[in-house]
S.K.: 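One structure follows; several queries about it will come next.
Both ligands and their constituent atoms are indexed starting at 1 by order of listing. No hydrogens, no waters, no symmetry mates; every other heavy atom, side chains included, goes into these values. As the structure is a prediction and not an experimental result, all values here were calculated from the model.
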Amino acid sequence: MRFGVVGFKGKMGKVILDVFSNDGHTPVLLIDKDEIIEEDFPEVIVDFSTPDALEKTSSYCEKYNSNLVIGTTALTEKHLKILENLSKKVAVVQSYNFSIGINILLDLLEKATKMLKDWDCEITEIHHSKKKDKPSGTAILLKNALNREVKIHSLRLGGIPGDHTVLFSNEGELIEIKHRAISRKVFALGALKAAKFILNKKSGFYTFKDIIKEASI
Ligand SMILES: NC(=O)C1=CN([C@@H]2O[C@H](COP(=O)(O)OP(=O)(O)OC[C@H]3O[C@@H](n4cnc5c(N)ncnc54)[C@H](OP(=O)(O)O)[C@@H]3O)[C@@H](O)[C@H]2O)C=CC1
Ligand SMILES: O=C(O)C1=N[C@H](C(=O)O)C[C@H](O)C1
């Protein structure tokens, strides 16, 4: 496929370029804060950058009728509205976490929270010191899956790609459900799976969880 990357100079952008190119796909549109390289029209644009880029990304999707895979976190209602409107014209996959593991964990949590509703519950998330947003998008996804008020504790240190733990405790026991991304490549591989999923779709809004369910991974 011909693909575009928004945030191509960033940590994720570089890995996405690598993973997609190694799978035989061709980068034709590269966008970052200070540079745009436009060679051809992309079938899919992949945006892992910053919420401020979204209007530009959306206008490129409209210009080229490109489908969108978006992993950027810290989106507000305004950004979600832009994505909802865009998804009436092209296909959009949005997720705060493109790893298989977290998306399986989301399912497990929906079940666990019903069985453990009398237990205390809190979330911890640990990321590299360069991460700009707090709490992580994934922690928000986990909190939503728990469907109850829980505290999120955020730590920023070193080069950690992304650790998330949900802790349940009663008077005498502790259950920890933990996910660790060992490398950023897992997110790029998930984005590639999502790009292939929407390649021939006309329009619609999807999450990565929808894609995993459909592929029954
Ligand atoms: N959903 C998922 O699975 C995952 C999501 N993420 C999310 O992806 C995003 C990027 O993460 P990461 O790569 O670590 O961050 P980086 O800061 O390393 O990369 C972001 C890139 O986007 C650039 N940028 C900033 N503003 C704009 C703009 N207006 N238009 C185009 N490009 C812009 C930055 O430039 P500059 O540095 O000059 O500001 C930088 O090169 C974050 O929101 C992160 O939370 C990350 C991993 C997995
Ligand atoms: O910024 C990151 O690095 C990550 N961001 C996502 C998030 O905010 O949840 C996903 C992953 O944890 C890495």
S.K.: Using a 4.0 Å cutoff against the non-hydrogen atoms of His164, which atoms of ligand 2 qualify?
M.R.: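 Contacts of ligand 2 toward His164, numbered from 1: 12 (O).
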S.K.: For ligand 1, find out whether one of its N or O atoms is nearer than 3.5 Å to an N or O atom of Thr73.
M.R.: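 Yes, there is a polar N/O contact under 3.5 Å.
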S.K.: Consider ligand 2: state whether an atom of it lies below 4.0 angstrom from any non-hydrogen atom of Phe187.
M.R.: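 Heavy atoms of Phe187 do come under 4.0 Å of ligand 2.
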S.K.: Between Tyr96 and ligand 1, which residue portion shows a heavy-atom distance shorter than 4.0 Å: side chain, backbone, both, or neither?
M.R.: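 For Tyr96, only backbone atoms sit under 4.0 Å from ligand 1.
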S.K.: Identify the closest protein heavy atom to atom 47 (C) of ligand 1: which residue and atom is it, and at what distance?
M.R.: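 For this ligand atom, the closest protein heavy atom is Met12 CG, 3.4 Å.
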S.K.: Go through the side-chain N and O atoms of Glu125 and Ser154 and say whether any donor and acceptor fall under 3.5 Å apart.
M.R.: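 There is such a pair (donor and acceptor under 3.5 Å, judged by atom type) between the side chains of Glu125 and Ser154.
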S.K.: Closest non-hydrogen protein atom to atom 26 (N) of ligand 1, residue and atom name please, with distance?
M.R.: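 Heavy-atom neighbour on the protein nearest atom 26 (N) of ligand 1: Thr50 CG2, 3.0 Å.
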S.K.: Ser99 side chain to Phe187 main-chain N or O, any donor-acceptor pair under 3.5 Å?
M.R.: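 Not at all, since once roles are kept as given, no pair shorter than 3.5 Å links the two residues.
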S.K.: Report the member of Glu35, Lys14, Glu55, Lys11 with the shortest heavy-atom distance to atom 14 (O) of ligand 1.
M.R.: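 Going through Glu35, Lys14, Glu55, Lys11 one by one, Lys11 has the nearest heavy atom to atom 14 (O) of ligand 1.
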S.K.: Nearest heavy atom to atom 31 (C) of ligand 1: which of Leu54, Asn97, Asp32 does it belong to?
M.R.: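 Going through Leu54, Asn97, Asp32 one by one, Asp32 has the nearest heavy atom to atom 31 (C) of ligand 1.
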S.K.: Take Glu110 and Lys209 through the salt bridge (Lys or Arg N to Asp or Glu O under 4.0 Å) test and state the conclusion after the steps.
M.R.: CA-CA 13 Å; Glu110 280 170 26; Lys209 208 164 158 230; 3.3 Å; yes
S.K.: Tell me the protein heavy atom at minimum distance from atom 3 (O) of ligand 2, and give that distance in Å.
M.R.: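 Among all protein heavy atoms, the one nearest atom 3 (O) of ligand 2 is His128 NE2, 2.9 Å.
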S.K.: Would one find an N or O of Val6, backbone or side chain, under 3.5 Å from an N or O of ligand 1?
M.R.: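 The answer is no, given that Val6 and ligand 1 share no N or O pair closer than 3.5 Å.
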S.K.: What is the closest protein heavy atom to atom 19 (O) of ligand 1, and at what distance does it sit?
M.R.: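 Its nearest protein heavy-atom neighbour is Gly10 CA, 3.2 Å.
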S.K.: Hey, which atoms in ligand 1 end up nearer than 4.0 Å to a heavy atom of Thr72?
M.R.: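 Going through ligand 1 atom by atom, the ones under 4.0 Å from Thr72 are 43 (O).
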S.K.: Nearest protein heavy-atom contact for atom 6 (C) of ligand 2: which residue, which atom, what distance?
M.R.: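 Answer for atom 6 (C) of ligand 2: Tyr96 O, 3.7 Å.
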S.K.: Is the backbone N or O of Ala194 less than 3.5 Å from a side-chain atom of Tyr206, with the two atoms forming a donor-acceptor pair by type?
M.R.: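 Checked: no pair found.
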S.K.: Within the 4.0 Å heavy-atom shell around Lys9, which atoms of ligand 1 are there?
M.R.: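 Here the atoms of ligand 1 in question are 41 (O).
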S.K.: In terms of residue, atom name and distance, what is the protein heavy atom nearest to atom 13 (C) of ligand 2?
M.R.: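 That would be Pro161 O, 3.4 Å.
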S.K.: Under 4.0 Å from a heavy atom of Ser136: which atoms of ligand 2 are those, numbered in the order shown and with their elements?
M.R.: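 Near Ser136, the atoms of ligand 2 are 7 (C), 8 (O), 9 (O).
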S.K.: Please identify which atoms of ligand 2 are closer than 4.0 Å to at least one heavy atom of Lys131.
M.R.: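 In order of number, 1 (O), 2 (C), 4 (C), 5 (N), 6 (C), 7 (C), 8 (O).
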S.K.: For Pro135 versus Ile152, what's the shortest heavy-atom pair and its separation?
M.R.: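 Heavy atoms only, the tightest pair is CB-CG2, 3.7 Å.
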S.K.: Could you find the nearest protein heavy atom to atom 12 (O) of ligand 2 and give me its residue, atom name and distance?
M.R.: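 Going atom by atom, the protein heavy atom closest to atom 12 (O) of ligand 2 ends up being His127 NE2, 2.6 Å.
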S.K.: Any atom of ligand 1 sitting under 4.0 Å from a heavy atom of Ser95?
M.R.: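 In this structure, Ser95 qualifies as a contact of ligand 1 - some heavy atom is under 4.0 Å.
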S.K.: Counting only N and O atoms by type, is there a donor-acceptor contact under 3.5 Å from the side chain of Asp32 to the main-chain atoms of Phe8?
M.R.: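 Side chain of Asp32 to backbone of Phe8, a donor-acceptor pair under 3.5 Å: yes, one is there.
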S.K.: Is the Phe48 ring parallel, tilted or perpendicular to the Phe98 ring (thresholds 30°, 60°)?
M.R.: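 Correct class here is tilted.
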S.K.: Just jot down the ligand 1 atoms closer than 4.0 angstrom to any heavy atom of Lys56, in number order.
M.R.: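 Under 4.0 Å from Lys56, ligand 1 has these atoms: 28 (C), 29 (N), 30 (N), 31 (C).
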S.K.: N/O of Phe48 under 3.5 Å from N/O of ligand 1, yes or no?
M.R.: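 It does not: no N or O of Phe48 is found under 3.5 Å from an N or O of ligand 1.
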S.K.: Using only heavy-atom distances, determine whether the side chains of Asp120 and Ser169 contain a donor-acceptor pair under 3.5 Å.
M.R.: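 Absent: no donor and acceptor within the cut-off.
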S.K.: Which residue supplies the protein heavy atom nearest to atom 10 (C) of ligand 1, what is that atom called, and how far is it?
M.R.: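 Looking only at protein heavy atoms, the one closest to atom 10 (C) of ligand 1 is Ser49 O, 3.4 Å.
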S.K.: Under a 4.0 angstrom heavy-atom cut-off, which atoms of ligand 1 come close to Lys131?
M.R.: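 With Lys131 as reference, the close atoms of ligand 1 come out as 45 (O).
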S.K.: Do Glu39 and Ile37 touch side chain to side chain, with heavy atoms closer than 4.5 Å?
M.R.: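 Yes; the side chains approach each other to less than 4.5 Å.
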S.K.: Quick one: does Phe98 get an N or O within less than 3.5 Å of an N or O on ligand 1?
M.R.: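 There is such a contact, yes.
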S.K.: Would Ser136 and His127 count as having a side-chain donor-acceptor pair, cut-off 3.5 Å?
M.R.: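 No, no side-chain donor-acceptor contact under 3.5 Å.
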S.K.: Which residue and atom name correspond to the protein heavy atom nearest atom 9 (O) of ligand 2, and how close is it?
M.R.: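 Residue, atom and distance for the closest contact: Thr138 OG1, 2.5 Å.
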S.K.: State which residue, out of Val90, Val93, Val69, fulfils the side-chain contact (heavy atoms from CB on, under 4.5 Å) condition with Val44.
M.R.: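 Looking at Val90, Val93, Val69, the match for Val44 under the side-chain contact (heavy atoms from CB on, under 4.5 Å) is Val69.
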S.K.: Against heavy atoms of Ala53, which atoms of ligand 1 measure under 4.0 Å?
M.R.: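 So the atoms of ligand 1 that pass are 28 (C), 29 (N), 30 (N), 31 (C).
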S.K.: Quick check on side-chain contact (heavy atoms from CB on, under 4.5 Å): which of Leu54, Val6, Val5 does Ser49 satisfy it with?
M.R.: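 Answer after filtering Leu54, Val6, Val5: Val6.
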S.K.: Return a yes/no value for Lys132: is any of its N or O atoms, backbone included, closer than 3.5 angstrom to an N or O of ligand 1?
M.R.: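 Lys132 vs ligand 1: N/O contact under 3.5 Å present.
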S.K.: Identify whether the distance between the nearest side-chain nitrogen and carboxylate oxygen of Glu35 and Lys9 falls below 4.0 Å.
M.R.: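 Yes, this pair counts.
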S.K.: Is there any N or O on Gly71 that sits under 3.5 Å from an N or O of ligand 1?
M.R.: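 N/O-N/O distance under 3.5 Å: yes.
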S.K.: Do Glu122 and His153 meet the criterion of a side-chain donor-acceptor pair at a distance under 3.5 Å?
M.R.: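 Yes, because at least one side-chain N or O of Glu122 sits under 3.5 Å from a partner of the opposite role on His153.
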S.K.: Taking both backbone and side-chain atoms of Lys33, is any N or O found less than 3.5 Å from an N or O belonging to ligand 1?
M.R.: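 Min N/O separation from ligand 1 is below 3.5 Å for Lys33.
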S.K.: Using a strict 4.0 Å cut-off to heavy atoms of Gly137, name the atoms of ligand 2 that fall inside it.
M.R.: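 It comes down to these atoms of ligand 2: 7 (C), 8 (O), 9 (O).
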S.K.: Under 30°, 30 to 60°, or over 60°: which ring-plane class applies to His25 and Phe3, parallel, tilted or perpendicular?
M.R.: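 Answer is perpendicular, since the angle exceeds 60°.
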S.K.: Under the salt bridge (Lys or Arg N to Asp or Glu O under 4.0 Å) rule, what do Lys63 and Glu38 come out as? Steps first, then yes or no, please.
M.R.: CA-CA 12 Å; Lys63 175 177 174 186; Glu38 212 171 336; 2.8 Å; yes
S.K.: Hey, are the side chains of Leu105 and Leu109 touching, using non-hydrogen atoms and a 4.5 Å cut-off?
M.R.: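 The answer is yes, as the side chains (C-beta and beyond) meet within the 4.5 Å cut-off.
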